[in-house]
Amino acid sequence: IGVLKRLLPNHLSSFEFKVVPKDVCGGYSCFWIKNAKTGNAKGKEIIIKGTTAVEIASALHWYLKYSCGAHISWDKTGGAQLSSVPNPGSLPPVKDKGVIIQHSYVWWDWERWEKELDWMALQGINLPLAFTGQEAIWEKVFKNFNTSKKDLDGFFGGPAFLAWARMGNLHAWGGPLQQSWLDQQLALQKLILTRIVELGMTPVLPSFSGNVPESLKRIFPSANITRLGDWNTVNGDPRWCCTYLLDPSDPLFVEIGDAFIRQQMEEYGDITDIYNCDTFNENSPPTNDLAYISLLGAAVYKAMSKTDKDAVWLMQGWLFSSDSAFWKPPQMKALLHSVPLGKMIVLDLFADVKPIWETSSQFYETPYVCQNYSLFLLHNFGGNIEMYGILDVISSGPVDARISQNSTMVGVGMCIEGIEQNPVVYELMSEMAFRSEKVPLKEWLKSYSYRRYGKKDPQIDSAWEILHQTIYNCTDGIADHNKDFIVQFPDWDPSDYFHTNMSKETHVHNLFAHNNTKRFFLRETTTDLPRAHLWHSTEEVIIALQLFLDAGSHLAGSLTYSSDVLNFLLQNSIDDNSILSKLANQVYLDAMTAFQQKNAKALTLQSLKFVELIKDIDTLLASDDNLLLGTWIESAKNLAASPREMRQYEWNARTQVTMWYDTTKTNQSKLHDYANKFWSGLLEKYYLPRASTYFTYLLASLVQKEGFKLEEWRREWISFSNKRQSGTELYPVRAQGDALAISKALSKKYLG
């Protein structure tokens with residue numbers, strides 16, 4: 001009822017909700033939508049029954065989509081389209097006897113979390129990760145093991161880097177965490193968990209993986225505590241890298257792990273039996289000895305189950321992809337079989353591109369969740385903003401996995417690095433939990449476009465047919481991570497390439513594979529001359545764009561339509577006359593050719609084109625409230641309890657979307673631009689100065705007839721970036737201009 005009240009408050013009297021036992025659905029989770037008796041005294045029109053509250057919310061969403069033509073998306077991708085829902089008293093009836101569907105399987109405040117939890121319930125998500133506030137729990141646990149506040153200051157990561165600190169990749173970077181943050185996040189977690197339980201979901205809480213503060217070596221000198229290897233620092237800086245790991249064979253391991261479970265129960269109550277623990281995420285174990293790996297798994301589970309006898313270990317299978325050289329079949333079996341059968345669930349995180357279940361005999365009979373997409377439905381890395389997907393795989397992969405021989409699949413899910421993009425991908429993926437057969441995409445996309453924009457339009461239908469076969473049909477096996485040169489500018493000396501390679505045909509290569517960091521292990525093979533990721537027919541995409549623009553008069557006023565047009569124009573290409581960001585990629589390559597030919601005039605011209613494109617794109621982005629750097633920064637500052645915290649949180653927010661990690665005077669972070677964003681403010685004030693400075697050095701090398709001074713450029717750029725990260729200048733938080741009008745003007749300018 002709460003979801004309906006927040007979504008359609010005038011329709012509260014139109015629906016009747018009822019929770020029913022699983023026996024009604026043959027022992028499975030399900031929902032049932034049927035018509036109320038006409039003329040009933042309460043004025044009810046639709047009756048929805050479900051085995052839990054989340055099934056009822058899913059049923060409400062299903063009815064609104066397929067009976068009323070409504071669409072519910074994130075605010076940043078256009079928001080909800082509810083104008084097609086009739087007034088109370090006029091709701092359309094469901095056909096025949098009704099609909100029965102079996103369920104097969106950082107800077108947010110409470111207001112934003114409440115919206116997300118409603119969205120999750122409407123999508124049918126029933127097993128959400130609930131990690132907020134865990135540092136407050138760890139503070140209480142470690143204090144009982146005699147660690148001090150100062151000890152923990154060097155252990156916890158900053159607010160924008162908590163995920164990586166929790167996985168043992170780094171420590172202290174962006175910290176320390178203030179007590180007000182710890183208290184605030186714990187209070188927020190309690191609100192989140194209350195709503196999760198209220199909605200009928202089962203929360204997944206964290207558990208102990210062995211990462212401990214350095215001080216435990218001093219406090220427990222006999223404990224077996226070792227140090228992990230470096231994770232992406234520039235030079236192995238011990239201030240941030242090489243976290244400490246308590247050996248699972250040490251009795252202290254289970255003692256600490258059990259204390260953490262008990263502390264969570266004390267704070268939240270006994271609300272779940274499912275706990276997440278990810279061992280050696282992008283860090284290899286100290287040995288591949290099978291006995292050690294088995295002992296590790298057994299100790300992790302024992303720490304969970306000592307107090308909670310019904311504990312189930314939920315583990316992401318990312319390590320089996322990112323470090324496949326280590327995790328051979330014997331090592332995988334040793335870990336997966338180290339816990340009682342049925343007490344572990346593995347998330348096959350990258351099943352949309354590289355499904356592990358197909359090559360591991362169904363995870364060696366361990367139940368798993370087929371995770372088709374973002375990074376995790378590893379569809380998205382770094383929260384990058386780019387239209388991308390593999391709809392055919394989403395519409396069939398979960399079905400194939402479920403009906404495959406000896407299948408141990410128990411559900412589908414999404415575990416993405418960044419949300420609020422590509423809504424078509426997530427709507428389809430969410431539906432796969434309720435579908436037993438493959439989805440006929442042509443008809444589904446027609447229904448989707450009608451619901452998303454609120455009107456039927458044959459031009460839009462034709463455009464989505466093209467999008468399905470092009471942008472949303474990436475089958476090259478490459479993980480998409482936006483590498484457009486504006487947002488991920490190449491850090492190289494082009495002279496080194498042109499000394500030995502002079503043919504422009506070799507422009508197909510890519511500079512961005514970083515063999516020394518597993519964050520990038522799925523990128524194209526490194527050669528020399530850079531190239532951004534392009535996987536679709538450019539000629540067809542321009543036709544789809546024109547169809548979208550031609551529908552503008554019919555769909556004017558639709559926020560979802562404006563959002564899609566803006567993203568379409570921004571990120572997609574048309575051969576050598578690419579649109580905006582993709583055009584900038586070609587302009588960059590033309591500049592490199594001019595440099596090769598020692599043509600200073602042409603280099604100047606291409607440099608000016610590149611800068612002009614950045615300015616035009618920034619203007620386009622500024623017309624959308626959801627694509628502003630200022631919104632991100634202000635959301636971080638708003639959580640601060642003091643001016644000191646405000647500066648720290650702002651630094652965290654700025655750093656994550658720019659340099660990300662540590663630098664030296666002449667070495668950029670290995671993760672620079674990992675979380676790049678097409679946001680107004682970030683383009684003109686950060687990416688533009690970087691490109692301008694680089695081209696200035698490039699031109700000077702031609703004019704002065706000397707080598708390109710790469711190190712000097714790096715020194716100047718890194719200094720600028722570090723100052724920008726520590727800056728406090730304000731950025732707009734409200735859109736300026738008409739997005740559709742600007743889109744049409746830029747389309748005319750660049751398409752002629």
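As a basis for the values below, the full set of heavy atoms in this structure was taken, side chains included, without hydrogen atoms, waters or symmetry mates. Nothing here was measured: the structure is a model prediction, and the numbers come from that model. Residue numbers start at 1 and run along the sequence shown.
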Test of understanding: with side chain to side chain donor-acceptor pair (under 3.5 Å), list the residues that count as partners of [X], not counting sequence neighbours.
| X | result |
| --- | --- |
| Thr202 | none |
| Ser562 | none |
| Tyr731 | Arg724, Glu729 |

Return all side-chain donor-acceptor pairs below 3.5 angstrom for residues 11-19, not counting sequence neighbours, or 'none' if the list is empty.
{"from": "His11", "atom 1": "NE2", "to": "Pro86", "atom 2": "O", "distance (Å)": "2.8"}
{"from": "Ser14", "atom 1": "OG", "to": "Glu45", "atom 2": "OE2", "distance (Å)": "3.1"}

Taking only residues two or more places apart in sequence, or in another chain, which ones meet [X] in a side chain to side chain contact (heavy atoms under 4.5 Å, CB included)?
| X | value |
| --- | --- |
| Ala121 | Val54, Ala57, Leu199, Met201 |
| Ile742 | Thr619, Leu620, Ser623, Leu746 |
| Ala463 | Ala544, Leu547, Phe548 |

Side-chain contact test, heavy atoms from C-beta onward, threshold under 4.5 Å: evaluate it for [X] versus [Y] and give yes or no.
| X | Y | result |
| --- | --- | --- |
| Ile390 | Ile394 | no |
| Trp679 | Thr631 | no |
| Val399 | Met432 | yes |
| Pro128 | Ile196 | yes |
| Leu391 | Asn473 | no |
| Tyr448 | Leu428 | no |
| Leu117 | Trp110 | yes |
| Ile47 | Trp32 | no |

Considering all heavy atoms of both residues, which atom of [X] and which atom of [Y] are nearest to each other, and what is their separation?
| X | Y | value |
| --- | --- | --- |
| Phe434 | Gly124 | CZ-CA, 3.7 Å |
| Lys49 | Ile56 | C-CG1, 4.2 Å |
| Ala551 | Tyr561 | C-OH, 3.8 Å |
| Thr560 | Gly79 | CG2-O, 3.8 Å |
| Leu683 | Leu621 | CD1-CD1, 3.8 Å |
| Val412 | Met429 | CB-CE, 3.9 Å |

Can you list the steps and then say if Trp464 with Val424 is a side chain to side chain contact (heavy atoms under 4.5 Å, CB included)?
-> CA-CA 11 Å; Trp464 270 104; Val424 64; 4.0 Å; yes

Residues 65-72, side-chain donor-acceptor partners within the protein, below 3.5 Å, at least two apart:
{"from": "Lys65", "atom 1": "NZ", "to": "Glu431", "atom 2": "OE2", "distance (Å)": "2.5"}
{"from": "Tyr66", "atom 1": "OH", "to": "Glu431", "atom 2": "OE1", "distance (Å)": "3.0"}
{"from": "Tyr66", "atom 1": "OH", "to": "Glu431", "atom 2": "OE2", "distance (Å)": "2.4"}
{"from": "Tyr66", "atom 1": "OH", "to": "Arg435", "atom 2": "NH2", "distance (Å)": "3.4"}
{"from": "Tyr66", "atom 1": "OH", "to": "Trp444", "atom 2": "NE1", "distance (Å)": "3.1"}
{"from": "His71", "atom 1": "ND1", "to": "Glu427", "atom 2": "OE1", "distance (Å)": "3.3"}
{"from": "His71", "atom 1": "NE2", "to": "Arg452", "atom 2": "NH1", "distance (Å)": "2.9"}

Taking atom [atom1] of [X] and atom [atom2] of [Y], what is their separation to the nearest 0.5 Å?
| X | Y | atom1 | atom2 | value |
| --- | --- | --- | --- | --- |
| Asp550 | Leu545 | CG | CG | 9.0 Å |
| Ile617 | Leu627 | CD1 | CG | 12.0 Å |
| Ile125 | Met120 | CD1 | CE | 5.0 Å |
| Asp109 | Leu191 | CG | CG | 11.0 Å |
| Leu629 | Glu634 | CG | CD | 9.5 Å |
| Ile471 | Leu467 | CD1 | CG | 5.0 Å |

So Leu8 and Leu64, side chain to side chain contact (heavy atoms under 4.5 Å, CB included) or not? Walk me through it.
-> CA-CA 11 Å; Leu8 292 166; Leu64 293 176; 3.9 Å; yes

Take the angle between the ring planes of Phe485 and Tyr588 and call it parallel below 30°, perpendicular above 60°, tilted in between.
-> tilted

Which residue pairs satisfy the side chain to side chain donor-acceptor pair (under 3.5 Å) criterion with at least one member in residues 113-125, sequence neighbours excluded?
-> Arg6-Asp118, Trp74-Glu116, Asp75-Lys115, Arg112-Glu116, Glu114-Arg195, Gln123-Ser430

N/O donor-acceptor pair under 3.5 Å between [X] side chain and [Y] backbone:
| X | Y | answer |
| --- | --- | --- |
| Asn422 | Val425 | no |
| Gln81 | Tyr453 | no |
| Ser563 | Leu559 | no |
| Ser743 | Ala739 | yes |

Carefully, step by step, assess Ile33 and Ile46 under the rule side chain to side chain contact (heavy atoms under 4.5 Å, CB included).
-> CA-CA 7 Å; Ile33 309 168; Ile46 300 296; 3.8 Å; yes

Summary of salt bridge (Lys or Arg N to Asp or Glu O under 4.0 Å) pairs that have at least one residue in [range], sequence neighbours excluded:
| range | value |
| --- | --- |
| residues 453-474 | none |
| residues 439-448 | none |
| residues 613-625 | Asp616-Lys749 |

Will you find, in the side chains of Tyr472 and Asp392, an N or O donor that is under 3.5 Å from an N or O acceptor?
-> no

Are Thr52 and Glu55 close enough that a side-chain donor and a side-chain acceptor fall under 3.5 Å?
-> yes

Verdict with supporting geometry, Val565 and Leu549, side chain to side chain contact (heavy atoms under 4.5 Å, CB included) = CA-CA 7 Å; Val565 167; Leu549 291 174; 3.8 Å; yes

